[in-house]
Structures are given as structure tokens and as C-alpha cells.
Amino acid sequence: MISEVRETKQKEIQILLKQLDGLVQIKGLPIFPEPKTGNPLWADVRELDLRYQIPVKKVTRFFDELGKGKIMATKCVKCNTIYFPPQDDCPKCRVSGLEWVELPVEGELITYTIISVKPPSFSHYPDYVVGIADLGEVNVTAWVQGPKEKLKVGAKVRLEVVKREPEGYLTYSLRLL
Amino acid sequence: MTNVAVVGTGHSKFGSRTDVTLQELAWEAVKQALEEANVEQKNVKYFSVGNVGTWSAEPLPAIVVGEYCNLNPSGTMRVEAACASGSAALRDAYLAVKSGEVDIAMAVGVEQMHQSPNLTVVEMIGRAGNYFWEFENFGLTFPGYYALYATAYMSKYGMKEEDLGKVAIKAHHYGALNPYAHFQKEITMEEYLKSRPVAWPLKLLDSSPITDGAAAVVLASEEMARKLTDSPVWIEAQGVASGTANLSRRTDFTSIEAARIAAEQVYRRAGINMDSPWKQIDVADVHDCFTIAEIVAYEDLRFAKRGEGMLLAREEQTYVGGRIPVNVDGGLKAKGHPIGATGVSMAVSLTRQLLYRAPHKSMQADIKNGRALAHNVGGTGHYAYVTLFSTRRPGT
């Protein structure tokens with residue numbers, strides 16, 4: 001769950017903030033020496049919590065279909081371009097209201113990497129593989145799952161809907177065949 | 001339109017600069033550039049500030065830098081083109097002079113990444129690309145994006161880990177000589193091979209560090225440059241291009257299309273032979289945020305054929321005395337990569353190279369053609385800026 005992931009993180013922050021409170025009590029200022037250099041640093045007393053709210057109205061269908069196990073792209077009926085990530089506007093033809101089509105599920109891995117140094121918001125996952133697969137008309141970027149020995153450029157993969165744990169939300173990944 | 005020359009350069013020490021604020025850091029470079037150009041702040045009629053920020057507290061860096069450096073009330077703006085922000089700032093100031101609107105302008109690049117913990121910075125840079133479709137669900141990191149290129153390149157051309165190691169060793173070799181560099185020590189192949197993975201196949205020693213730093217250049221119109229100096233370094237040509245936000249919208253992960261396009265624009269504008277441009281250029285700074293990026297840059301700039309960039313590294317052809325010296329200031333890898341400052345830092349390094357002012361004689365390239373090339377890529381080929389500097393007045 002999202003709130004559990006958050007709680008773990010908050011605990012680490014709490015420890016740091018307690019130390020900072022102690023410092024202010026002793027010195028009357030939130031200034032501390034940087035461990036390596038001893039340079040005095042002011043620890044910001046103002047916190048900014050960033051969690052964006054991203055509009056998805058024009059591609060709602062994508063998320064609706066994920067719930068039915070389908071991964072959709074959009075297609076411009078005028079120029080036949082397939083868009084993934086899906087978008088409702090074709091800037092080439094300047095038309096909107098594109099057609100929804102299901103993506104082919106089988107493809108080939110073009111490239112991949114294994115992320116060891118992770119962003120803090122991904123630190124609760126084990127090291128993950130991110131790959132780009134060629135599904136014919138479009139490429140898809142996603143996590144690659146399956147046995148490591150099959151992981152190579154050119155490997156066959158299947159695009160599938162998965163539940164991302166521990167958050168428990170629907171997304172998609174590439175499974176090594 | 002007038003020709004535009006660099007008439008003054010300034011560069012701070014790069015590194016973990018927690019001894020100063022963002023604006024104090026900028027002033028180190030701005031002061032040096034003003035003194036070198038011998039101009040007063042009031043004569044700098046426009047200044048641009050390359051800065052990406054988010055890891056540092058000031059949301060209006062151009063304004064904070066302007067006040068601290070006494071550049072008010074001249075016009076300004078903060079310029080963002082990810083890791084190419086410095087070159088974008090240079091372009092903005094260059095066009096202000098070229099258009100004839102002002103006769104003296106300044107480009108400042110400054111970044112202070114150590115105002116946030118390293119992992120917060122990893123998160124912020126990872127978000128640069130297409131936030132929603134790439135980062136939100138798949139947590140790509142900056143080394144991760146370039147690792148996708150390294151994997152594809154290795155698979156297609158049989159590049160070895162050691163080829164990337166050669167690039168890192170060269171960077172550290174020159175970084176060790178550069179008093180402005182973040183890392184001033186040599187590394188061995190053994191140390192390179194043993195360094196821990198950050199995003200396979202890229203290791204810690206494939207990666208440029210998280211750095212604080214500033215650089216500045218004073219630009220002048222031809223008429224003004226003639227009054228200020230007898231050794232102007234001209235901006236002969238600049239090329240600019242962009243790439244898709246989503247990497248999945250690209251088909252080739254062995255080359256950066258935007259960089260190729262920008263380079264071709266420059267070569268065409270300057271009348272450089274597309275088959276062997278390295279014969280007409282004496283030294284280059286390329287965007288080696290990761291070792292693989294330098295190898296790809298050799299090819300995108302046509303210093304080597306496609307698939308043969310790794311051979312230039314393997315044969316040590318990009319040291320001083322080789323086919324073309326590249327990143328003999330230590331590059332992003334060892335000099336450091338304060339995101340918004342990097343492009344301006346390249347302009348400073350190359351201007352000084354052309355004037356035989358490299359900080360160490362072993363870093364000095366032989367200047368035969370009077371030309372130096374800067375290749376500055378933002379994001380993972382999202383932005384590309386290629387700039388040609390010359391001691392010869394353009395059009396002669």
C-alpha cells in the first residue's frame with residue numbers, strides 16, 4: 001500500500017528531524033557542520049512535500065482497459081500512426097479523438113539496464129530491470145521480469161498487465177519468454 | 001548581423017562546494033570573466049543564467065545571481081535545457097549580441113547540487129525525460145537511461161567494458177592535471193573494473209559526479225570585441241536540435257540523433273568537411289556524462305565511423321597528440337558536471353585552449369586550425385547543442 005511505503009520513509013525522516021530539533025535546542029540555530037568538510041550548513045526548517053496530480057482524462061480508456069487485462073495504444077485513422085504512450089491528439093494530422101487499439105503482446109527486447117542505485121521513491125524495491133521492447137509498430141519501456149539467464153538483447157518478451165506491489169496498482173511489464 | 005566573440009572567461013573550482021551559496025559560487029566565475037574582459041557590470045547589457053535547480057533552494061536563480069553580481073538592471077532569464085542548459089545560456093547571450101540588440105552580453109552557468117542529499121538528486125535527474133510514462137512506474141535513473149544506450153551499443157558492435165574503462169581513465173588523467181576539476185586523481189583499469197554497478201552495464205567509474213560549480217563568458221559584438229581585446233575567440237557556428245521525451249519513441253540506441261543533426265548544422269555553416277571534420281578541428285569537449293556518451297559522441301560528431309568510436313578510445317586517439325584531443329580538461333567525468341554550468345565550462349575550457357592557456361602544459365592541444373568544438377547534450381539526447389569556436393573571424 002502507498003501509505004505503508006510512506007510510513008517507512010517517514011520513520012527515517014523522523015530520526016533526522018529529532019536530531020535537528022536537538023541541535024536547535026543546544027545552539028539556537030539549525031546550523032550543523034557537514035561531516036566531510038566541516039562546512040557550516042543551515043538545515044532548511046521549511047519542508048515541501050511534492051506529490052503531483054496529473055490529468056489523465058484524455059487517456060482514461062488506457063487505465064480502464066488495464067483493469068480488463070488489456071494494454072492499449074491510440075491510432076490515428078488518417079495517417080495510421082500508432083501512439084504509445086497513448087495520446088488523443090495526432091499532431092501530424094492535427095486531429096483528435098484517436099481510435100483505441102490493443103497493442104501486440106509479443107516482442108523483442110532492444111535494450112535493458114539493471115538499476116542498482118535507486119531513486120528514494122523506488123528504494124523499497126529490489127534491484128529492477130528496465131527494458132525497451134520492440135512490439136512491431138511501437139516500442140514499450142517497462143520493467144522486465146523473468147529468469148536472469150534469459151535476459152539479453154533480442155530476447156522474446158510478452159507484454160502483460162501486472163499489479164505493482166506493495167502499492168497494489170495496475171501497470172504493465174515485459175515478461176521474458 | 002554581427003560576428004560574436006568570447007572576450008572574457010571565468011571558471012570556479014568544481015567539486016562539492018558547500019563552502020558557498022549558489023550566488024557566491026556564480027560570482028567566482030562572473031568576477032573572473034569581467035576582469036578578463038576588462039568590462040564593468042553596467043556595460044553587460046544582457047545576461048543569461050543556465051541553471052536547472054530543484055536540488056538547490058533558489059527558484060529564481062537568474063535574479064539571485066544578478067543581484068549578487070551587481071548585474072541589475074540588465075535583462076536576464078534562467079535558461080533550462082537539462083544538462084545542456086549552459087550551452088543554451090550561451091546561445092541566448094550569443095543571439096542577443098548577434099542580433100545587434102546589445103554589444104556586450106554574459107552567459108553564466110551555475111549549479112549547486114549539494115544542497116540536497118545525493119539520492120534526492122538521483123531522483124530529480126531520473127525524473128527528467130517523460131516523467132509520467134518513464135519515471136513514475138519504472139524508476140529510471142540518469143545512468144539508467146545511458147545504460148540503455150551502452151547495452152545496445154555493446155550488443156551491436158561488441159564493445160567491451162574495458163573500452164569504456166579507457167574513456168574513464170583518460171578523463172581522470174586530465175582531471176588530475178586540471179586545478180578546476182572535481183576529481184584530481186588518476187584511476188587504473190583495475191579500479192575501474194572493480195567499481196560498483198549503478199545501472200548495469202554502467203559502473204560508478206563510468207559516471208560523472210554530482211558537482212557544484214560555475215562558469216561565465218563575456219560575449220561582444222565584432223566592433224566591441226576589437227576595442228576590448230586583440231585575441232577574440234569567435235563563435236563561428238552553433239547547431240541545435242532536440243529528441244523525443246520518451247526513449248521508447250526512438251529506434252536506435254547506439255547514436256544520438258539530435259547530436260548528429262546539431263553537428264551537421266555546425267559543419268555546414270562553417271564549411272567543415274563532413275567526411276573528416278577532425279582534420280579541421282584542434283580540440284573538442286564532448287558530453288561524457290557517462291563513458292558510453294563519449295564513445296557515441298565521437299561517432300555523432302563524425303570523428304569516427306558508426307561502430308568505430310570505441311576504437312578511438314581503445315587506441316587512445318583522443319589524448320593530446322592523437323587524431324583529435326577530446327575532453328583534455330577532464331570532461332564531465334572528472335572535471336565534474338554541475339548540470340547548468342557544464343556548457344559554459346566547455347566554452348571556457350575551449351577558449352583557453354585556443355589561446356594556449358590550458359591550465360597545464362600536458363593538457364594543451366596543438367592549435368593548428370584555430371578551431372575547437374563543444375558538444376553538449378541535455379538529458380539523454382533530449383537536447384543537443386554543438387558550438388564551434390574559432391580564432392579566425394567568421395567569414396574570412
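Naming: A, B, ... by sequence-line order, numbering from 1 per chain.
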(request) May I have the step-by-step check of side-chain hydrogen bond (donor to acceptor under 3.5 Å, both in side chains) for B:Asn137 and A:Tyr169, ending in yes or no? (result) CA-CA 10 Å; B:Asn137 293 317; A:Tyr169 73 97; 2.7 Å; yes
(message) Between B:Ser255 and B:Asp300, does the side-chain hydrogen bond (donor to acceptor under 3.5 Å, both in side chains) criterion hold? Intermediate values first, please.
(response) CA-CA 7 Å; B:Ser255 173; B:Asp300 292 342; 2.7 Å; yes
(request) I would like to know whether A:Thr81 and A:Lys92 meet side-chain hydrogen bond (donor to acceptor under 3.5 Å, both in side chains); could you show each step before the answer? (result) CA-CA 9 Å; A:Thr81 302; A:Lys92 294 179 208 166; 3.2 Å; yes
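For the pair A:Arg164 and A:Trp143, the cation sits on the ring face: its NZ or CZ lies under 6.0 Å from the ring centre, inside 45° of the axis.
Both the backbone and the side chain of A:Thr141 come within less than 4.5 Å of a heavy atom in chain B. Heavy-atom distances place the backbone of B:Arg250, and not its side chain, under 4.5 Å from chain A. For A:Val56, the part sitting under 4.5 Å from any heavy atom of chain B is the side chain, from C-beta outward, and nothing else. Proximity to chain B is limited to the side chain of A:Tyr52, based on heavy atoms less than 4.5 angstrom apart. For B:Asn246, the part lying near chain A is the side chain, with the backbone staying farther off; criterion is any non-hydrogen pair under 4.5 Å. In this structure, the portions of B:Thr18 lying under 4.5 Å from any heavy atom of chain A include both its backbone and its side chain. At a 4.5 Å heavy-atom cutoff, the contact between B:Glu136 and chain A is made by backbone atoms alone.
Ring centers of B:His337 and B:His182: at least 6.0 Å apart, outside the cut-off. A:Tyr112 and B:Trp200 have their aromatic ring centers within a separation under 6.0 angstrom.
Here CE of B:Met113 is found 4.0 Å from CD1 of B:Ile339. Values are rounded to the nearest 0.5 Å.
By number of non-hydrogen pairs under 4.5 angstrom with chain B, the leading residue of A:Gly131, A:Gly38, A:Pro86 is A:Pro86. Of the residues considered (A:Val138, A:Asn139, A:Thr111), A:Thr111 shows the highest number of contacts with chain B, using heavy-atom pairs under 4.5 Å. When B:Val198, B:Thr141, B:Val122 are compared by the number of non-hydrogen pairs under 4.5 Å with chain A, B:Val198 comes out ahead. The candidate from B:Tyr153, B:Tyr145, B:Phe132, B:Phe135 with the greatest count of non-hydrogen atom pairs under 4.5 Å with chain A is B:Phe135. By number of non-hydrogen pairs under 4.5 angstrom with chain A, the leading residue of B:Leu247, B:Leu140, B:Val121, B:Thr251 is B:Leu140. Contact count versus chain A (heavy atoms, under 4.5 Å) is highest, among B:Ala152, B:Gly126, B:Ala57, for B:Ala152. Chosen from A:Thr171, A:Leu48, A:Ile115, A:Leu41, the residue pairing most often with chain B at heavy-atom distances under 4.5 Å is A:Ile115.
Using cut-offs of 30° and 60° on the angle between ring planes, the pair B:Tyr180 and B:His11 is tilted. Relative ring orientation between A:Tyr125 and A:Tyr128 is described as perpendicular, the plane-to-plane angle rising above 60° on a 0-90° scale split at 30° and 60°.
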